[in-house]
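Single-structure report; data block below.
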Amino acid sequence: MSQRNSLLSFSAALLFLLLWFGGLVHGELSKDFSQCLDFFYNKTPPRGFHYTAYQPICQRYNNIYRFASLYHRQHRAPLYSAYILSPADGKRPRPQWKYEPQLAFAGASPDMRPFGRTVDQNVFESQAVNQDYTNSGFTRGHLNPSSHQKTKDDRKATFTLTNIVPQKEGSNTGTWNTQEENVLDRFKDFCTGSMYVITGVMPYKSDAHWIKNRVSVPEYMWSAYCCPSYKSNITKDMKKFFPTFAAVGRNDPSSGEEIVPVNETAKLAVRGYDVKQMPLQELEVILNQRLNAPVSLFDGKCLK
């Protein structure tokens with residue numbers, strides 16, 4: 001066989017392998033969360049988002065799907081994470097930050113991997129890395145918090161940067177942490193079945209903000225839950241919180257107050273990071289306006 005024919009045969013074989021492994025990647029990083037629909041109420045992801053601009057990720061750790069995230073490749077950050085709340089049965093694990101191999105390499109394992117001492121260029125270009133957050137002025141803010149996950153492995157799985165957004169300290173360890181605790185308490189005290197949670201972010205309306213010109217900074221955090229089965233003897237003052245409720249939190253003290261007003265008497269450490277609780281419908285109206293999309297977070301509004 002001539003050298004030219006050998007080269008053509010090799011090129012054809014290489015193209016076949018690339019197409020084959022590309023197909024394997026598509027099977028995990030799909031367009032419809034088909035491998036992890038259980039994390040959504042009625043197995044139905046939120047409607048209205050422009051999914052073509054995002055990458056659905058079924059977050060897998062130690063060969064088990066743990067939760068789901070909708071990831072924006074260009075922003076190197078998730079738009080939301082969806083999960084089933086289950087109170088932690090132990091302490092918060094020591095953070096070991098991870099990345100999503102399939103965002104970087106065709107044919108890679110679908111299991112999230114911990115960062116090594118050095119970061120491959122493909123990983124660096126495809127997603128956020130630890131160096132992005134170093135000396136950035138922002139903390140690593142969980143959308144799916146480890147305190148809402150039962151087992152140690154479930155909690156470890158939340159420490160992937162595809163579940164993380166740049167969040168100010170006053171929000172992350174202050175007001176937003178309180179919001180997460182409130183949701184956990186409502187689940188423990190009133191839910192008699194599963195609670196489905198979706199937590200996400202709202203980008204700035206104009207003039208996008210970035211850390212190190214790589215990772216998009218959100219202006220607001222938001223969260224909503226669906227608890228379709230709850231105690232029948234619930235008190236009147238708690239009735240408004242079921243089966244759904246939501247919240248929006250400030251991530252920038254200098255933002256306007258049209259969505260979330262500022263409590264000027266709050267402690268300095270958390271002033272300007274207020275969280276406003278609201279009905280699900282109010283949050284969806286805000287998301288519709290900010291994202292220019294007819295968003296519906298829970299199938300049938302979480303009504304049985």
Side-chain angles (χ1 to χ4, degrees), residues 30-34 36-59 67-85 141-145 148 162-165 167 171 176 179-180 183 194-206 208-209 216-228 240-252 255-256 258-260 275-304:
S30 66
K31 296 180 180 179
D32 55 8
F33 290 113
S34 58
C36 53
L37 289 173
D38 287 342
F39 298 112
F40 301 96
Y41 175 64
N42 278 350
K43 299 183 185 295
T44 305
R47 296 184 176 94
F49 292 108
H50 301 302
Y51 280 95
T52 54
Y54 298 92
Q55 176 62 70
I57 299 177
C58 292
Q59 301 279 14
F67 60 102
S69 299
L70 188 63
Y71 192 76
H72 197 301
R73 287 177 179 266
Q74 285 70 42
H75 289 181
R76 295 186 178 89
L79 177 66
Y80 69 70
S81 285
Y83 59 93
I84 297 175
L85 189 151
H142 283 69
L143 297 188
N144 173 11
H148 284 190
T162 54
N163 177 50
I164 297 297
V165 298
Q167 189 175 10
S171 170
W176 196 252
Q179 160 66 19
E180 292 171 344
V183 171
S194 296
M195 175 183 274
Y196 299 86
V197 183
I198 303 175
T199 298
V201 297
M202 274 186 270
Y204 285 83
K205 203 168 185 179
S206 59
H209 291 52
S216 176
V217 176
E219 186 175 16
Y220 295 96
M221 311 285 291
W222 58 264
S223 186
Y225 63 77
C226 162
C227 172
K240 67 178 181 181
F241 296 116
F242 296 93
T244 64
F245 217 66
V248 174
R250 301 169 59 92
N251 195 41
D252 185 344
S255 292
E258 65 276 5
I259 295 178
V260 182
V275 174
K276 180 183 177 182
Q277 298 191 61
M278 61 187 65
L280 174 65
Q281 292 81 356
E282 185 176 344
L283 170 60
E284 290 180 340
V285 168
I286 294 171
L287 292 176
N288 293 350
Q289 294 171 346
R290 288 300 294 256
L291 302 178
N292 193 27
V295 174
S296 177
L297 294 176
F298 299 112
D299 184 54
K301 305 298 182 186
C302 189
L303 298 174
K304 289 183 177 180

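Just so it is clear, the values below take in all heavy atoms, side chains as well, and ignore hydrogens, waters and symmetry mates.
Tyr225 pairs by the ring pair (Phe, Tyr, Trp, His ring centres under 6.0 Å) definition with nothing, not counting sequence neighbours. With sequence neighbours excluded, the residues that form a ring pair (Phe, Tyr, Trp, His ring centres under 6.0 Å) with Phe245 are Phe241.
Annotation: side chain of Lys240 is not in contact with side chain of Pro279 (no heavy-atom distance under 4.5 Å). Between Pro45 and Leu37, the closest side-chain pair of non-hydrogen atoms falls below 4.5 Å. Considering only heavy atoms from C-beta on, Leu143 stays 4.5 Å or farther from Ser223 through its side chain. With contacts defined as side-chain heavy-atom distances shorter than 4.5 Å, the pair Glu219/Asn251 does not qualify. When side chains are defined from C-beta on, Val201 does not count as touching Gln167, because their heavy atoms never get closer than 4.5 Å. Two residues are said to be in side-chain contact when any heavy atoms from C-beta on lie closer than 4.5 Å; Leu297 and Leu283 meet this criterion.
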Practice problem: Before giving the answer on side chain to side chain contact (heavy atoms under 4.5 Å, CB included), spell out for Ile259 and Trp222 the whole-Å C-alpha distance, their side-chain angles and the decisive distance to 0.1 Å. | Solution: CA-CA 11 Å; Ile259 295 178; Trp222 58 264; over 6 Å; no

Exercise. List the steps and the verdict of side chain to side chain contact (heavy atoms under 4.5 Å, CB included) for His142 and Ile164.
Key: CA-CA 5 Å; His142 283 69; Ile164 297 297; 3.7 Å; yes

Practice problem: Tell me, with the steps shown, if Val183 and Met195 meet side chain to side chain contact (heavy atoms under 4.5 Å, CB included). | Solution: CA-CA 10 Å; Val183 171; Met195 175 183 274; 3.7 Å; yes

Practice problem: List the steps and the verdict of side chain to side chain contact (heavy atoms under 4.5 Å, CB included) for Asn144 and Tyr80. | Solution: CA-CA 9 Å; Asn144 173 11; Tyr80 69 70; over 6 Å; no

Self-check item: disulfide bond (SG atoms under 2.5 Å apart) evaluation trace for Cys227 with Cys302
Solution: CA-CA 7 Å; Cys227 172; Cys302 189; over 6 Å; no

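Nearest heavy-atom pair across Ser69 and Gln59 is OG-NE2, 3.0 Å. Annotation for Tyr220 and Gly256: closest pair OH-O, 3.5 Å, computed over non-hydrogen atoms. Here the closest non-hydrogen pair linking Asp32 and Pro56 is N-CG, 4.3 Å. Here the closest heavy-atom approach between residue Arg250 and residue Ser255 is recorded as NH2-O, 2.8 Å. Shown here for Val197 and Leu85, the closest heavy-atom pair between the two residues is CG2-CB, 4.2 Å. Contact detail for Ala246 and Ala224: the closest heavy-atom pair is CB-CB, 3.9 Å.
Taken from NZ in Lys43 to OG in Ser34, the straight-line distance is 12.0 Å, to the nearest 0.5 Å. Rounding to the nearest 0.5 Å gives a distance of 9.5 Å between CG of Asn163 and CD1 of Ile57. Here the CZ atom belonging to Arg290 is positioned 12.0 Å from the CG atom belonging to Asn292, to the nearest 0.5 angstrom. How far OH of Tyr204 is from CG of Asp252: 3.5 Å, rounded to the nearest 0.5 Å. Of the inter-residue distances, the one linking Gln281 atom CD with Ile286 atom CD1 reads 12.0 Å to the nearest 0.5 angstrom. Atom CD of residue Gln55 and atom CD of residue Gln74 lie 11.0 Å apart, to the nearest 0.5 angstrom.
A salt bridge links Lys276 with Glu282; the closest basic N to acidic carboxylate O contact falls under 4.0 Å. The existence of a salt bridge linking Asp299 and Arg47 is confirmed by a sub-4.0 Å separation between a basic side-chain nitrogen and an acidic carboxylate oxygen.
In Lys301, the NZ atom is crowded: over 12 heavy atoms of neighbouring residues, nucleotides or ligands sit closer than 6.0 Å.
The ring of Phe298 has its center no closer than 6.0 angstrom to the ring center of Tyr196. In this structure, Phe39 has its ring center at least 6.0 angstrom away from the ring center of Phe33.
Aromatic ring pairs are classed by plane angle as parallel below 30°, tilted from 30° to 60° and perpendicular above 60°; the pair His72 and Tyr54 is perpendicular.
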